[in-house]
Every structure is written in C-alpha cells, then in structure tokens.
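First the structure, in the form of structure tokens, and then the observations on it.
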Amino acid sequence: MEFLRKIEEKWQKRWEKAKIFEADPDPRKPKYFITVAYPYPNSPQHIGHARTYTLADVHARYMRMRGYNVLLPMAFHYTGTPVLAMSKRLAENDKDLINDFINVYKVPKEKLKEFTDPLAMAKYFHKEIKEGMKRIGYSIDWRREFTTIDPNYSRFIEWQFEKLRQKGYITRGSHPVGWCPKDGNPVGQHDTVGDVEPEIGEFTLIKFKKDTIVFPTATLRPETVFGVTNLWINPQATYVRAKVDNEEWIISQESVEKLRHQNRKVHVLETFQGKKLVGTIVENPATKTKIMVLPADFADPKNATGVVMSVPSHAPYDYVALENIKKEHAKLKEYGLNPEKIGQIQPISLIAVPGYSEIPAADAVKKRKITEQTDPKLEDATKEVYRHEFHNGKMKPNTGKYSGMPVAQAKEKVKQDLIAEGKAATMYELVNKPVKCRCGTECIVKIFQDQWFIDYGKQEWKTLTHKCLDKMEILPEELRAEFEYVVDWLHEKACARKSGMGTRLPWDKEWIIESLSDSTIYMAYYTIARHLKEHKIKPEQLTDQVFDYIFLGKGNINEIAEKANLNVEVLEKMRQEFLYFYPLDSRHSGRDLIHNHLTFMIFNHTAIFPEKLWPRQIVTNGSVMMEGVKMSKSFGNIIPLREGLEKFGADPIRLSVLSTAELLQDAEFNPSIAKSMIDKLEKLYKSAIQTAKIKTTESKQKLAEQFDAIDKWMLSRLQKHIIDATEAMEKMSVRKAIHSILYELDQDTQWYQKRIANRKNKENVKNYVLRRVLEAQVLMLTPVAPHICEEIWKILEKKGFISTSPWPKPDPTEMDIKAEENEEFLINLLEDTENIIKVTKAKPKKIFYYVAAPWKWKIYLKALEKSTQGKIELKELIQEVSKKERTKATAKFALKTIEQIKTIPEKRKQNVLKIGAIDERETIENAKEFLSRRLKAEIIVYNEKDKEIYDPKRKAAIATPLRPAIYIE
RNA sequence: GCGGGGGUGUCCGAGUCUGGUCAAAGGAGACAGGCUUAGGACCUGUUGCCGUAGGGCUGCGUGGGUUCAAACCCCACCCCCCGCACCA
C-alpha cells in the first residue's frame, strides 16, 4: 500500500509539472470536450461521488490516448441554500451536525467556528474536494477553475437569463410550496427533519351550506359528492366561524393560518368547540339534499379545513365511523340526536366497480375485519378502494350528467364544474404530513406570489429540445426513453428564490437565481475562464455584447471591444477558443440528474446556442452502495474520498468504483473489494518486473518464424481482447473493458504460461509474447489506473508518459483463427478426457486418442458448407467419399453429422470452413507434453485408419472430426 | 397512477440486443488435497441430480406461444427497486 501511494504522488507531480492535462486549442488535433456536473461544496466528497468523476476522467484519459485534444475542466457550485442552512444549524449548535463534521468529515474543531460564515464553509470544502480530485489523479485542466459566485460568472448568468427572457421563456405566477411559517422560507427535502420531501396535494373544498354559512368540506375525491350522507367534524377540536374573503366559513382553528398563507383573507368571528356543530343541517350543493353534521374522532382538524364530507359507500373511514356512531345511542342522545333517525342513514352507492358490491368500502372493511375508526388498516382499505374505483369505476345513473363516465375523468370534471359554479374552492395541503422543518416547526403550504419561472412547458421549446435529444448519444441508451419522457413532462420551473448564494435576477434584484437554473450552460464558460483570469478581466467589462460576440458571433468586434474596454485580440481569442472546444462532446453525471439538471441543460442549450453547438452526448451512472445501502450523507454510511484514498490508494478506488457495475446499475463498494484491487495491481506490478527483466533483441520477424501454435494463439487472443476492450470503452462500458483487460486477458496469459511451462529453447519467444501482452494490457488499463501504469511503463523502459501514449490497435494479421480453433480443440479434448476419468474413477497410465479418418472430414466439411447455404442432402454428402471407400458406416456417419451440425453456431461454422480440416494428430502431438503432464499419463495418438493400431475396446471407429475417440487404460 | 430499470445456481453476478459451442463466465462461500511450525496467505480440484467412457435428467420470476432448437424472441401475469421537482 505504501509503495502504491508513493507511486501515485510521484506521477501526479510529474503530470503537473509537464502540464499534460492543460488543453489549449490546437487546430492540428481533433478536440474532445468533457464535463462533469460540478460539485456542491457543503461537505467533502465521498466514494459515492467518486464514481461519476472517475468515469468522466477515464473517458477523458481514454479519448486522450485515442489522439484527441481533450479538455476536462472543473468548477464549484456555491449557489443555493444548503450551505446557508448548515451554517445556521452549526451556529445553533446542532449536535448531530457537529458530530458529522468532526467524526465523519474530519473537520478540525477550531475550523468549525469559522463555519458560521457560510462562505467560509463553502471555501473549506471547495479546497477539500479539490485536493481529493488531485489525489485521485483526475486529468483536469485546473487553469479554468471558477465558482458560481465569482462576479464574472454572475455576469455570464445574467447574460443567459436576459437571453431566456428575450426568447419569452421566462414567466411569472403563483405557485404552492412547502413552507416553514417560523423561518419564512420554502422547505425542500434537505430542510426537514428526517429529510422528507413535503408532498403537496390539492384538496377540493365543497361548499355545503346552512343558509349563508359555508361548511367547506375538504376532499381528494370530489366525484363522490353525490354519495354524501352526512358531514363529519371532530367534536373535541376547536372550530371557528370566520369571514373568508367574501363568505362566512366554518373551519378548524388550525386551518386559519393555512388559508391565509394561501392568499385568502381570513377574519375570525367566533371560536367554539366542534361538538357545537353536531346536528346542524346543511345542504349538499350538488344534489340539494339536506344532511346532518355528525361527530367523528378520525376527522383531523389539522388536515385542510377539518370539515369532512361522509361517503360511507366509497370511503372506508366514513363507513366505519357511521357504523360506530349508529351503535352509540348514549352518545347520540348526549348530542340531542335521535338514534333511530341516525340508524336509518344508509350508504349511497354512486360508483360501479367490477369485483365489488354496491358498497365497496364495506367490502374492503370487512375483508380486513376493521371495526374501529381509529384502526390503521383503514389507510390500506382506502387505498385499495381508491385504486380500483379510480381505474375501473364508472359513475352510476344517480350522478346526473356524469352518469357512465369513468371515475378518473369524472373526478376532474366534477371538480371543475363545481368550482365554475362557485360551489367549491381548492386548498393545498401536505399529504404526507406532519412534515417538520429542522427548526421544529410544522410545515404548511404557502402559495408563493409572483414567482419567476423558466417555462419548460413551451411547446416550440420542447420541439427544439427533442430535436437535440434525437441527435445526442445517450449512454446507457436504455435511458433515452426516460429523457424523452422528462422533456415532455417538464413545465414551469421556479428559477429564483429569495435567499442563498448566487446571481440576482438582472431585472428583479430581490430574487436570486437558484442552483438548478444557473448551471445549465456553464460548460461554455470553461472555454473562456482561463482568459478571464489571465487578463484580469473585470465583470463590468463583460457586457452582454461581449458575451453575444464570444458565444454567438454577433456584432462588430472592434466596437464591442472598445465599448467594453477590452483588448480586441483577447476578445477574439475567447471567441476562437469557444468555437474550438464547443460543442460539448460529453456530459457526465449521476443518473438522478436526468429529471432536472441534464434535461435543463439540453433545453437551455437549444434556447441559446445555434444547432451546431448543441451538446452531443450524455453519460449517466448509478450510485455506489455500501453493503447494499446507497452511500449517502442521509444514510450516514459514507467514506469520505480523502479518507478512502489514504486507506486504499487512488488506483484501487478508481478500479473499485468502476469495475463492479455497468453504468445503469448501482455499484457496490466495500473495503474487501478495494483490497482485492490492491492485490490485483500488486500482482500485475510484480509480473511486470519479471517480464521487464529479460529483453529480446531479435526482430519480430525472426521471432515469428519460431512461433508455435500456442504463441500464435496468445497473440490472437490479445487482439480479441483489444477489440473487446475498445468496443466497451466506446460505449463507456468500463466494467466490461476492465474485465476484458484485467481478468480475461490474465486468464489467457495464465493458460499460455501453463501450456509452455516445460517448453525449452524458446525463452526469447515467450518473453516477446509476454511483453507484447503486458504492454497492451498496461496501455489499456491506463485510463482506469493511471499511476501504476505509468510506473510499469517506466520499468519497461518506454519513453514519455503512458497517459499520452496511443491506445493499442488490434493487428488483423495476428488474428489467427486456426490457432484459436486448434486450442479450442485441445481444450475440449482435455475436458472430455477428464470427464471420462472422473466418471470411471480410473487412474490412467495410458491414454489413446484416435483421430477421425480423412473421409469423415470430407463429409463433415461438406455438411458444414451445405448447412450455411440451406438444406443438406444425405446423398451429396455420401458422394464426397469415393465409391471404394463407402461402407455402411459412411451413411451412418453422414446422417449423424447432419444432426450434429445443426447445433453449431453460425460463426463457428464459418471459422471451421475457413481453415478446413485441422491436423488433429499433429495438434495433439504438439501438445503431448502438456497433455501428459496435465493428465498424468502417457499419450498415444492414432488415426483411426492406421493399419497398426492398438484399439482393444474398438473405440477408434467412433472418432468424429474435432472429437477424437478416446481410450484409457 | 405515470415513467424507467430489474427478477439467473447457496449467495453476489455475467450472459438476453445478434436463439445453437449454456449445467450457464467470474467471484464469494462450502468441501477435499497440496504448501507450511501455523495460517484468515498461496496453489490444485470438487461444488443441481443421476451415471464405472466423453452421457442423461431437471433448470434461468410464473403461465402460455413461436422454433428443429429459448435464460435469450413474442404475449399475459406476479414481484422488487428508482424518479415524479422548485431541491442539491
């Protein structure tokens, strides 16, 4: 481990000194521009993050070896509120967070004090993350680094938003959000206790009336208004009579504040206990029927208005509550109600749903044996009834004009109609409540006024985005459908908030552009970032016209430069550098960003840039798991990257996060995987030292003359692995590539070593072959494990950095089907022999092989040839054999051959046909030493037609091509 | 619900696009043997069932179908995981 770390540090220093990852425009070379979503510096990076970044780096390194001028830059995303929130929690002495910072993130205690300043925290983690990226060996051009709160970057974002506004993609409106009434802030998942996402549902408030007094019943199923038998209120809870806008409403006390946050004017006139309402008669606005207000414990004053309509036929809660109350005569009397009259209330069925009775709620309740309205199983029953009714239910004749309509449709229609007629209103409520803000306050829903949006719902914009997507390469391709879906589904996205770090909206400075909106086209900024720094360009020099020129080629360069007080050459240089590196060739990120960032990126590029500068490829990958659980801050199972690097080293971590899973899947990381990678690399290193020791001076040609079949086989296999690995890398199937390069190639090499273990006099050939294999292997491993590969490269006395050496190309002249078929033949023969030995439990002294007679080969090859063309005629096959030779066995063999040939895959057939009959006897003779060593017996080979043949059990006759007969004694 | 991914041997996990060499790569675990003072280190072998000759049977979520041939193609169903936003 120690030695791995030394190697890593050594090469990182040398790369830096040689500046090999600094990419400047070079017209002689094709460019390749890769970016990866910049990190958010509110915590150190962990091994989970390392997967995405390592993949991007591997991609960059691979393309560099393929001869491209690769640019891989990096920046830091300071925008947003999480840093603020964390900083605040630290200031409030949040114990959990302090513990995380000290014990998990390893932040020195004295540093912690500074973190009450959010910017100091961001800077600290920025540095931390950057160090980690260097230590893991990413081939980043650091000259282009920036943060999203740099004034110059802000100017760029302002320019972008002006462009969006000019195109009409910015809109304004109202929008419900999760809200903490104490902090006065919107709350997202990371602001809540337990990191729960506040889910907002829209309730319909149906206005039941007593004279002019409104009982706004909150429901998610407005279509059931036709089956209401009574209303429910909670008798213990406090209700109010209040003026709401222009009406008088009866609502729970808790709902008053909520309605105010939803832009209603609420003036409380009277406060009382719920039981006072019991017995009130109200009118159903849809059916005009008169019904009574009844008490129910399950009616939650904290949910919406606290007034509920009762539909016992289709709502299990209502059904059970009604059944309960019917039996409680004493209680009813207490309220002054007539038990007999209440007992007569019957559920009104209004939805027909297959598989259920008139009263589906009763079915679901009885199935679960529920008797009390407080039974938690009611939740499940409600879901069941809802699911079936929503998808399969039809409205019954008693629903008037909705009769016959599917429930899914009627639900929306009834709601719209009631609202239009003034008989209903809406109210937002958290459907997964209670949701608590980190400050401890229960969250509510607020309608945010005059919110700014980017309108991703615009049809013509979607069309452009689809056009771009169609031309892009999506890796893995399986996720294209998901992108298509997201493009269609996106609509207005709130793009600014009132707190946090970032850029202010240029036309409305109260608002700060939020982080998913200021990170959509910044890849373009990388192309000019180094010039901005180098020439110390100030934000005021970066006028909209300057950006128009650089990115869009608009305007007169001299005028613009003069106006902005910029050097014309510098301006032109930026324009040229942008044009050189753009469009973006590949964008990397975790697949969780498909639903926002990645799709936003496509949208915004199509809005701002001309078609030829649209992004070309997106690569996404899954997460990293630790013992089957996603590695994530919220699960508390992270290994900070820098800690991991100390423990396992850079190359083993790079290898670990990329070798266990393909893009789409989640990768598993644990210390034992990392450990096995360390072992693997150490082995490679040791064998490299062995191989490097002996040098061959003979020419390749001279050596080739001495090749045995097995040498040719090894080199042929090498070509195959080069082809496989290259193909895999092209699709960023790094796992597959690693397997081919490291494991499968090693297996073949081991087999080769075994085969020639006792070969004499050809050490030079062996060394040559092994060296060839090693060189190719190390080259192909370089993108993934660059440090150890540089070291081995040096041991092999190669010139220059391996990081900038060319990726190996397969040599078609070394692909040797014959050698591979020969070897395949031997392996099968060995397997067959071993199988016989196993079954017979014999300890053989002698093993006899009888290879098939030439006439069998003739028939066999003819059959193969015919089978690739269509039907095989028995007659034709027999004619292959001269009349003299024909016997009963001829026909029998031909017949069997026809059957057997069917099961050979097409590709194999082609190969065998290409090389014709192989000399099986010679092949076995050549491998005799190996076979006998392996089988611990003497090997004797005959041709079945040999005159002098030892064949006591008459086995020879069953020999077929590629399958000699075997006799063991 | 909508959209996406997936269900393979004791376990993990390839193979599915391009049907046949698939009882199914590679690991892990287990067992046996070797090396060794010892080993959690390394090496060799075995690891669905049956079989004293290279074979047979069962088998890749479930049920059908196509085909000479299905883990792989088609249809239906069941189950698991992820996303559904204003938040990085």
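What you see is a predicted model, and the numbers here were worked out from it, not measured in a lab. Proteins get letters first, then strands, A, B, ... in listed order; numbering begins at 1 in each. The analysis underlying the following values was restricted to heavy atoms, covering all of them including side chains, and did not include hydrogens, waters or symmetry mates.
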- Query: More than 12 heavy atoms of other residues, nucleotides or ligands under 6.0 Å from NZ of A:Lys731: is that the case?
  - Reply: no
- Quick one: label A:Pro39 by what it contacts on the DNA or RNA (base, sugar-phosphate, nothing), any heavy atom closer than 4.0 Å. nothing
- Message: Over all strands shown, is A:Ile958 touching base, sugar-phosphate only, or nothing at heavy-atom distances under 4.0 angstrom?
- Response: base
- Spacing between A:Ile454 atom CD1 and B:A85 atom C1', to the nearest angstrom: 13 Å
- Query: How about A:Thr35 and A:Tyr522: does a side-chain donor come under 3.5 Å of a side-chain acceptor?
  - Reply: no
- Take the protein atom CH2 of A:Trp489 and the nucleotide atom P of B:C84, then report the distance between them rounded to whole Å. 7 Å
- Give a yes or no on this: more than 12 heavy atoms of other residues, nucleotides or ligands lie within 6.0 Å of atom NZ of A:Lys936. no
- Message: Return the pairing partner of B:U36 with a 3.5 Å limit on both distances, Watson-Crick or G-U wobble; otherwise return none.
- Response: none
- Task: Please give the nucleotide sitting opposite B:A24 as a Watson-Crick or G-U wobble pair, both distances under 3.5 Å, or none.
- Result: none
- Message: Among A:Asn828, A:Leu829, A:Val851, A:Asp832, which residue satisfies the side chain to side chain contact (heavy atoms under 4.5 Å, CB included) criterion with A:Arg963?
- Response: A:Asp832
- Item | Between P of B:A85 and CD of A:Glu202, the distance in whole Å | 14 Å
- Query: Is it true that the side chains of A:Thr79 and A:Asp518 contain a donor and an acceptor less than 3.5 Å apart?
  - Reply: yes
- Query: Base, sugar-phosphate, or nothing: which does A:Ile837 touch, judged by heavy atoms less than 4.0 Å apart?
  - Reply: nothing
- Base, sugar-phosphate, or nothing for A:Val177, non-hydrogen atoms under 4.0 angstrom? nothing
- Among pairs that include at least one residue of residues 734-747 of chain A, which meet salt bridge (Lys or Arg N to Asp or Glu O under 4.0 Å), considering only residues two or more places apart or in two chains? A:Glu662-A:Arg735, A:Lys680-A:Asp746
- B:A85 base / A:His491 side chain donor-acceptor hit below 3.5 Å: yes
- Query: In B/S/- notation, 5' to 3', how is nucleotides 17-31 of chain B contacted by protein heavy atoms closer than 4.0 Å?
  - Reply: ---BB----S-----
- Item | Worked check of ring-ring contact (aromatic ring centres under 6.0 Å, His included) between A:Phe76 and A:Phe125 | CA-CA 10 Å; A:Phe76 293 85; A:Phe125 286 125; over 10 Å; no
- Note on the structure: Between A:Lys953 and A:Ala494, the residue closer to the 5' end of RNA chain B by nearest nucleotide is A:Lys953
- Message: Rounded to whole Å, please give me the gap between OH in A:Tyr850 and P in B:A53.
- Response: 17 Å
- Message: What I want to check is whether an N or O donor and acceptor connect the side chain of A:Asn835 with the base of B:G54 at under 3.5 Å.
- Response: no
- Winner on side-chain proximity to A:Ile836, out of B:G54, B:G51, B:A88, is B:G54
- Item | Interatomic distance where CD belongs to A:Glu831 and C1' belongs to B:G55 [whole Å] | 15 Å
- Taking B:G45, B:G54, B:C86 as options, the one with an atom nearest any side-chain atom of A:Ile966 is B:G54
- Message: Rounded to whole Å, how long is the line connecting atom CG of A:Asp518 with atom C1' of B:C86?
- Response: 14 Å
- Message: So, OP1 or OP2 of B:A53: does either fall under 4.0 Å of a side-chain N or O from A:Thr840?
- Response: no
- Item | Out of B:U52, B:C86, B:G45, whichever nucleotide has its closest atom nearest the side chain of A:Val839 | B:U52
- Base, sugar-phosphate, or nothing: which does A:Phe453 touch, judged by heavy atoms less than 4.0 Å apart? nothing
- Query: So does A:Thr81 get a side-chain nitrogen or oxygen closer than 4.0 Å to the phosphate oxygens (OP1/OP2) of B:A88?
  - Reply: yes
Protein and nucleotides 2-4 of chain B: nitrogen or oxygen contacts under 3.5 angstrom:
| unit_1 | atom_1 | unit_2 | atom_2 | d |
| --- | --- | --- | --- | --- |
| B:C2 | O2' | A:Tyr485 | OH | 3.0 |
| B:G4 | O2' | A:Glu482 | OE1 | 2.9 |

- Nucleotide paired to B:C77 in any strand shown, Watson-Crick or G-U, under 3.5 Å: B:G61
- Message: How many whole angstroms separate atom CG of A:Leu593 from atom C1' of B:A88?
- Response: 9 Å
- Closest to the A:Tyr967 side chain: B:A53, B:A88, B:C43? B:A53
- Nucleotide opposite B:G29 in a Watson-Crick or G-U pair, distances under 3.5 Å: B:U47
- Task: In whole angstrom, give the distance that lies between atom CD of A:Gln750 and atom P of B:C42.
- Result: 13 Å
- Item | B:G83 - base-pair partner by Watson-Crick or wobble geometry, distances under 3.5 Å | B:C2
- Query: For the residue pair A:Trp489 and A:Tyr485, does the interplanar ring angle fall in the parallel (under 30°), tilted (30 to 60°) or perpendicular (over 60°) class?
  - Reply: parallel
